[in-house]
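What you see is a predicted model, and the numbers here were worked out from it, not measured in a lab. Here is how names work: the chains are called A, B, and so on, in the same order as the sequence lines, proteins then strands, and each is numbered from 1.
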Amino acid sequence: MPELFPSPASTPRVRFAPSPTGYLHVGSARTFILNWLFARHNHGTMVLRLDDTDLERNTDTSVQSIFEGLRWLGLNWDEEYKQSERLALHRQAAEAIFARGLAYRDFTPAHAGDDNQSGPQGAWLFNSGMRDLSREESDRRAAAGEAFALRFRVPRGTDRALRFIDGVYGEQSKLADEVEDFALLRSDGMPTYHLASCIDDADLHISHIIRGQDHLTNTFKHLLIFEALEAKAPQFAHLPLLVAPDGAKLSKRKHGPVVSVTTYRDAGFLPQAFINFLCLLGWSPKNDRDFLTLDEIRDLFTLDGVNRANAVVNFTEADPFDPKAVWLNAEHLRALPVEELSEKLMPFFEQAGFHPSPKMVAAVTPLIRERIKLLRDAAPAADFFFLSELPPYDPAELIPQKGDAALAARVLQHAEQVLATTTFDHASLESALREAAAALNLKAGSMFQPIRVAICGRKNAPPLFETMAVLGRDVCLPRIRQAIAKLDALA
RNA sequence: GGCGCUAUCGUCUAGGGGUUAGGACGUGAGAUUCUCAAUCUUAAAACACGGGUUCGAUUCCCGUUAGCGCUACCA
């Protein structure tokens with residue numbers, strides 16, 4: 001018999017195999033990232049494979065959104081496959097398994113035994129009527145056109161233990177007798193996940209399967225399939241699951257868009273921050289560091305650092321983002337060169353309805369970058385830089401803590417005079433205004449608050465002098481006059 | 001129900017037979033400051049429970065409890 005799957009390559013080959021049944025969710029994204037890290041750390045190959053054998057649930061939009069998500073992450077892969085294009089191989093391999101007597105046809109109508117398959121006695125393992133059907137009768141019913149699923153004939157009564165060493169969970173074993181006769185082929189002839197996945201992993205010479213822990217117990221079935229395929233089983237490493245605060249596995253249905261990577265992207269997460277955050281869920285660099293660049297993570301990444309307990313993504317109804325993710329994003333934002341951050345900010349300004357020049361954005365960016373955590377925070381933080389007309393504000397804001405409207409008016413009038421002649425740069429503005437405060441016998445705070453509110457329309461804003469320097473005299477003076485008018489109206 | 005996996009501050013985690021059980025986020029207090037933010041200092045906050053083994057267990061073993069996963073012709 002010719003060898004169906006020649007021996008695997010020696011450099012590590014890993015794969016990410018999403019099934020296109022929805023958007024890319026954070027759990028999948030993390031699996032992808034950790035596979036990528038493993039591949040790149042070990043100078044191996046990263047394979048992307050679309051596991052699209054479930055015709056009922058696959059959609060093109062899902063394929064699009066998965067690619068969109070992966071592209072946003074910015075991590076590349078080396079080879080790309082579609083499982084649905086490999087059906088001939090799957091059928092051929094299934095036929096070979098059947099021919100060797102390692103599988104049998106099950107003519108039980110689909111879903112017929114759903115209810116009483118398992119109960120107090122234990123799990124359903126097999127239907128002896130079907131398992132023991134004679135080859136002749138099986139052939140006859142198949143020839144007559146009766147639909148059947150192909151099931152693996154799991155060894156029975158052998159005391160045989162299936163074992164493997166998991167890269168994360170260590171030694172694993174389970175009695176073959178406790179594994180049910182799982183399906184290989186559906187009655188429509190399509191391979192199941194287990195079959196297609198193992199065949200492709202063998203055929204693509206995948207050396208390490210790194211995937212969610214929800215597959216840990218499935219691995220015993222996969223061992224059986226690899227053996228039936230006469231292929232060497234790859235190494236396995238299972239990753240702890242990402243769960244919601246209530247402990248339930250993250251799911252699209254139950255948790256909605258908070259688990260979609262596009263939600264993070266649209267809120268203004270940086271891909272590197274998102275990756276940093278995801279890596280820290282269930283993996284540790286063991287060096288007390290949290291803020292890490294992609295290169296650092298790649299250099300540090302090993303399976304030893306992977307934890308075994310599920311990790312909670314700490315989101316709430318009020319806030320869909322884990323506070324740590326937000327903090328990391330703020331850190332990564334500040335680590336970005338100003339020009340780069342400016343470019344990232346531009347689309348968020350546009351989306352908010354502002355159309356500032358790149359030059360303006362470049363000037364504003366350093367003033368807001370320590371005041372935003374997500375890119376989407378930028379527009380509300382910088383609106384007054386772009387608006388020709390300030391939004392209405394309460395004139396009472398113009399009045400300093402220890403003072404009254406008259407004082408505020410005096411401050412603004414004095415400022416108006418001073419600013420008429422001051423050069424609009426940081427140093428000149430600061431010295432001029434500090435002198436003005438001294439002249440009025442005021443503390444800096446009392447002097448600056450009315451001006452800040454007049455210029456920005458609110459009390460909390462970026463540093464005053466830099467802000468005024470960016471805005472320029474032609475914008476600042478009218479705003480101060482307007483503030484004076486508001487104060488007059490108050491009186 | 002069966003099988004498998006897991007258990008350190010609210011969350012992410014480090015540690016490991018003898019430690020003041022470390023770090024980070026978040027929270028509280030203070031400092032700094034033209035406001036806010038950033039920054040700095042600081043506080044509160046954890047070894048699920050019960051048995052062993054041991055001179056000594058948070059750490060090793062067993063059990064309990066709890067949680068999660070698989071138990072589909074989904075992946």
Side-chain angles (χ1 to χ4, degrees), chain A residues 17-21 51-54 56-57 106 108-114 117-125 147-151 166 169 172-175 178-180 182-194 196-197 211-221 238 240-241 243 245-249 277 280-291 305 307-315 322-328 330 334 368-373 381 400 430 433-434 437 443-449 451-453 456 458-465:
Chain A
S19 60
T21 56
D51 276 8
D52 55 350
T53 55
D54 185 355
E56 307 274 311
R57 301 197 305 153
D106 181 351
T108 310
H111 306 113
D114 274 3
Q117 278 189 352
S118 55
Q121 300 79 256
W124 174 88
L125 290 174
F148 62 86
L150 191 70
R151 284 187 184 280
D166 189 272
Y169 289 89
Q172 302 293 312
S173 96
K174 184 172 180 169
L175 262 14
E178 272 157 358
V179 177
E180 77 279 7
F182 53 95
L184 262 17
L185 248 28
R186 304 190 184 97
S187 49
D188 63 1
M190 289 294 283
T192 60
Y193 160 77
H194 300 302
S197 174
R211 67 211 327 183
Q213 194 241 43
D214 45 348
H215 284 299
L216 189 64
T217 39
N218 285 333
T219 305
F220 298 109
K221 298 171 192 166
H238 290 86
L241 263 21
V243 299
D246 69 356
K249 175 171 143 174
F277 169 65
L280 261 17
L281 293 176
W283 174 78
S284 167
K286 298 178 187 270
N287 62 180
D288 274 357
R289 291 189 54 206
D290 296 275
F291 174 85
N307 202 358
R308 281 180 286 272
N310 290 170
V312 174
V313 181
N314 206 5
F315 61 81
D322 191 311
K324 186 116 180 203
V326 174
W327 173 78
L328 277 169
R334 284 179 218 125
I368 60 168
R369 76 137 121 215
E370 284 185 352
R371 273 156 267 263
I372 61 174
K373 292 174 188 295
E430 174 151 17
L433 259 13
R434 283 195 191 278
K443 292 177 85 170
S446 304
M447 177 77 194
F448 299 154
Q449 188 198 320
I451 304 175
R452 174 178 298 106
V453 174
C456 305
R458 62 177 112 99
K459 283 184 189 169
N460 298 341
L464 186 56
F465 315 119

Rounded to whole Å, please give me the gap between CG in Leu184(A) and P in rA72(B).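 So the CG-P distance, Leu184(A) to rA72(B), works out to 15 Å.
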
Please give, in whole Å, the distance from rA72(B) C1' to Tyr193(A) OH?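 Answer to the nearest Å: 14 Å.
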
Quick check on rA72(B): is either OP1 or OP2 less than 4.0 Å from any side-chain nitrogen or oxygen of Lys221(A)?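 Negative; the distance criterion is not met.
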
Compare side-chain N and O positions of Lys286(A) against OP1 and OP2 of rU13(B) and report whether any pair is under 4.0 Å apart.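 Checking Lys286(A) against rU13(B): no side-chain N or O falls below 4.0 Å of OP1 or OP2.
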
Distances under 3.5 Å between nitrogen or oxygen atoms of protein and nucleotides 36-40 of chain B:
residue: rC36(B); atom: O4'; partner: Asn460(A); partner atom: OD1; Å: 3.3
residue: rC36(B); atom: O2; partner: Arg371(A); partner atom: NH1; Å: 2.9
residue: rC36(B); atom: N3; partner: Arg371(A); partner atom: NH1; Å: 2.5
residue: rA37(B); atom: O2'; partner: Glu370(A); partner atom: O; Å: 2.1

Pull out every protein N or O sitting under 3.5 Å from an N or O of nucleotides 44-49 of chain B, one pair per line with the distance.
none

Counting any heavy atom closer than 4.0 Å, what does [X] reach on the DNA or RNA strands: base, sugar-phosphate only, or nothing?
| X | answer |
| --- | --- |
| Thr21(A) | nothing |
| Ser19(A) | sugar-phosphate |
| Arg308(A) | sugar-phosphate |
| Asn218(A) | base |
| Asn307(A) | sugar-phosphate |
| Gly282(A) | sugar-phosphate |

Kindly point out which of [options] is positioned nearest to the side chain of [X]?
| X | options | answer |
| --- | --- | --- |
| Arg452(A) | rA14(B), rC73(B), rU35(B) | rU35(B) |
| Leu241(A) | rG1(B), rG23(B), rC68(B) | rC68(B) |
| Trp124(A) | rG69(B), rA72(B), rC12(B) | rA72(B) |
| Gln172(A) | rC34(B), rC5(B), rC12(B) | rC5(B) |

Using 4.0 Å as the upper bound for N to carboxylate O, is an ion pair formed by Arg151(A) and Glu180(A)?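 No salt bridge links Glu180(A) with Arg151(A).
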
Kindly compute the distance separating CG (Asp52(A)) from CE (Met190(A)), expressed to the nearest 0.5 Å.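 Answer for the CG-CE pair, Asp52(A) versus Met190(A), is 7.5 Å.
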
Which value, rounded to the nearest 0.5 Å, describes the distance between Phe220(A) atom CZ and His215(A) atom NE2?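 Phe220(A) atom CZ to His215(A) atom NE2 measures 14.5 Å (nearest 0.5 Å).
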
For rA57(B), which nucleotide in any strand shown is its Watson-Crick or wobble partner with both distances under 3.5 Å?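 Partner of rA57(B): none.
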
In the structure I gave you, are the side-chain heavy atoms of [X] and [Y] within less than 4.5 Å of one another anywhere?
| X | Y | result |
| --- | --- | --- |
| Asp54(A) | Pro20(A) | no |
| Phe277(A) | Trp327(A) | no |
| Thr219(A) | Arg211(A) | yes |

Please produce a list of atom pairs where a protein N or O lies less than 3.5 Å from an N or O of nucleotides 9-11 of chain B.
residue: rU11(B); atom: O4'; partner: Asn314(A); partner atom: ND2; Å: 3.3

Can you find an N or O donor on one side and an acceptor on the other, under 3.5 Å apart, linking the side chain of Thr217(A) with the base of rC70(B)?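 Flag unset: no donor-acceptor pair detected.
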
Closest-nucleotide mapping onto RNA chain B: is Gly247(A) or Asp288(A) further toward the 5' terminus? I mean the 5' end.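 That would be Asp288(A).
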
Of Asn287(A) and Glu178(A), the one whose closest RNA chain B nucleotide lies more 5':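 The residue whose closest nucleotide sits nearer the 5' end is Glu178(A).
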
